[in-house]
2 protein chains.
Amino acid sequence: MVSAMRNASPPTGRTGRPRSAAADAAILAATRDALVELGWSKLTMGDVSTRAGVAKTTLYRRWAGKNELVVDAVAELFDSLELPDRGSLEADIEDVVLQFAALLRRPEARTALMAVVAESTRDEALRDRIRSAIVDRQKRLVVLGRERAQARGELPYEEDEELACRTTDLIFDVIAGTVVHRALVSSEPVDELWVATFTALLMHGLQGPAPA
Amino acid sequence: MVSAMRNASPPTGRTGRPRSAAADAAILAATRDALVELGWSKLTMGDVSTRAGVAKTTLYRRWAGKNELVVDAVAELFDSLELPDRGSLEADIEDVVLQFAALLRRPEARTALMAVVAESTRDEALRDRIRSAIVDRQKRLVVLGRERAQARGELPYEEDEELACRTTDLIFDVIAGTVVHRALVSSEPVDELWVATFTALLMHGLQGPAPA
DNA sequence: GGAGTTACGCTACGGCTCGTAGCGTAAGAG
DNA sequence: CTCTTACGCTACGAGCCGTAGCGTAACTCC
């Protein structure tokens with residue numbers, strides 16, 4: 001869960017009436033519902049508060065605005081991504097790509113992810129929030145998959161710490177970026193045939209020698 | 001230029017006062033300026049009309065709304081992408097990736113591209129507009145690069161028409177998607193070192209045998 | 001040169017959303 | 001029981017939206 005990265009301010013004081021956790025859940029769920037029905041541009045704070053059965057002021061007490069609210073609402077969706085050990089690097093990649101594609105088929109995820117990234121181009125704080133709430137969460141899967149592949153002997157161990165880190169970042173961007181682009185920009189289906197083709201290309205790329 | 005895909009309706013009749021081409025240019029330029037200064041969410045039609053020195057009603061006579069206007073305003077930026085023949089497939093790829101990265105460093109391109117894609121997830125017409133105005137324009141470069149590589153003997157000629165088309169689409173999504181993801185989601189620099197590493201990975205991937 | 005047609009600028013408008021302020025009440029901590 | 005904080009509700013000025021209506025400007029065809 002995401003409760004570690006709180007939205008605004010339970011200042012650290014512990015006296016007084018505590019914030020309603022139920023309200024938090026209701027708001028985030030209502031936000032996702034509203035995203036499905038209205039999309040990003042037509043989603044309003046007032047509408048969300050009505051759906052959640054909370055006062056509009058309560059929303060503003062916890063989130064600075066639409067951007068922050070939606071990031072948190074969507075971040076939870078990425079918790080569902082997992083990396084079951086399917087025995088080979090190729091199978092692991094195909095599995096996680098298909099999971100990611102399924103996630104991007106959900107309208108609230110499609111809409112919100114792109115919209116929030118768009119806003120983050122002008123908002124440093126939002127960028128950080130996306131990194132910790134979404135990017136890092138996905139990147140863990142890449143790290144895990146890589147370790148497994150190394151344990152299996154499919155990929156070489158990398159001495160240089162910093163180079164290994166760059167490689168991980170590269171693979172992550174290739175996988176996530178390609179799938180997102182295919183699904184949302186090109187608007188083409190991410191089906192099993194495509195995934196197999198893409199994975200094959202990626203596998204050959206990874207077999208190649210380490211670059212300078 | 002983009003004049004082929006007109007915005008709204010010069011119905012086909014030829015009598016009466018013609019639309020001001022200067023106004024068109026001024027509006028699109030003003031839109032880009034406003035995107036740089038305000039970003040997507042704070043950009044308003046009224047503000048654009050003021051900057052362009054036209055009446056707000058003129059904007060609505062030509063574009064249905066913010067989405068359509070911004071697509072056209074940004075599409076022009078993609079005209080600058082070219083594919084000079086640098087002698088090898090690897091060099092060609094590196095060149096176009098660096099160009100694309102430079103384009104994505106422009107704030108109006110960063111912001112608008114993602115925002116428009118986000119809106120397009122709920123708008124079929126907008127999706128088509130993006131495909132014809134932006135996607136197809138980039139994909140031509142991939143087709144051209146592939147043909148050159150085949151002429152050089154770097155890539156095999158593909159008998160199957162349909163498979164060749166799928167491969168082209170895949171390469172396009174890998175290149176564009178990865179670069180966009182690196183630049184906008186991961187928020188890491190697309191520098192020459194990274195481009196070289198990425199290109200090396202892609203080259204090895206392309207050397208592999210054609211998939212089933 | 002006049003008639004017909006279309007684009008433009010300007011003004012004004014109802015409707016909606018925003019984000020905040022103020023108040024009285026509810027819910028835990030000590 | 002008191003203190004502190006969260007909550008619900010109402011009301012508000014401000015800003016933007018998208019459209020309608022009008023008079024004027026530009027261009028074509030007769």
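Chain A is the first sequence line, chain B the second, and so forth, proteins listed ahead of strands; every chain is numbered from 1. This is a predicted model, so every value here is computed, not measured.
- No donor-acceptor contact under 3.5 Å links the side chain of A:K56 to the base of D:dG8.
- When the nucleotides D:dA6, D:dT4, C:dG9 are ranked by their closest atom to the side chain of A:T15, D:dT4 comes out on top.
- Spacing between atom OH of B:Y60 and atom C1' of C:dC10 amounts to 16 Å, rounded to whole angstrom units.
- Looking at residues 39-49 of chain B, you'll see B:T44, B:M45, B:G46 sit with a heavy atom under 4.0 Å from some atom of DNA chain D.
- The residue B:S20 sits close only to the backbone: its heavy atoms come under 4.0 Å of sugar-phosphate atoms, none of a base.
- Nearest to the side chain of B:T57, among C:dA7, C:dC10, D:dG8, sits C:dC10.
- Ranked by how close their nearest DNA chain D nucleotide is to the 5' end, A:T58 and B:G65 are led by A:T58.
- Map A:G16 and B:K66 each onto its nearest nucleotide of DNA chain D; the residue landing nearer the 5' end is A:G16.
- To the nearest angstrom, C1' of C:dG9 lies 13 Å from CZ of B:R62.
- Between B:I27 atom CD1 and C:dG9 atom C1' the separation is 13 Å, expressed in whole Å.
- Contact of A:R17 with C:dA26 (side chain to base): a donor-acceptor pair of N or O atoms is detected under 3.5 Å.
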Assess whether salt bridge (charged side-chain N to carboxylate O under 4.0 Å, His left out) is satisfied between B:R146 and B:E158, documenting all intermediate values.
CA-CA 11 Å; B:R146 182 187 176 84; B:E158 181 52 61; 5.2 Å; no
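- Looking at A:L81, A:L104, A:L83 one by one, the single match for side-chain contact (heavy atoms from CB on, under 4.5 Å) with A:Q99 turns out to be A:L81.
- A donor and an acceptor atom never sit less than 3.5 Å apart when one is taken from the side chain of B:R61 and the other from the base of D:dG18.
- The aromatic rings of B:H181 and A:F172 sit perpendicular to each other, their planes meeting at more than 60°, with 30° as the lower class boundary.
- The existence of a salt bridge linking A:R166 and B:E188 is excluded, since no basic side-chain nitrogen approaches an acidic carboxylate oxygen closer than 4.0 Å.
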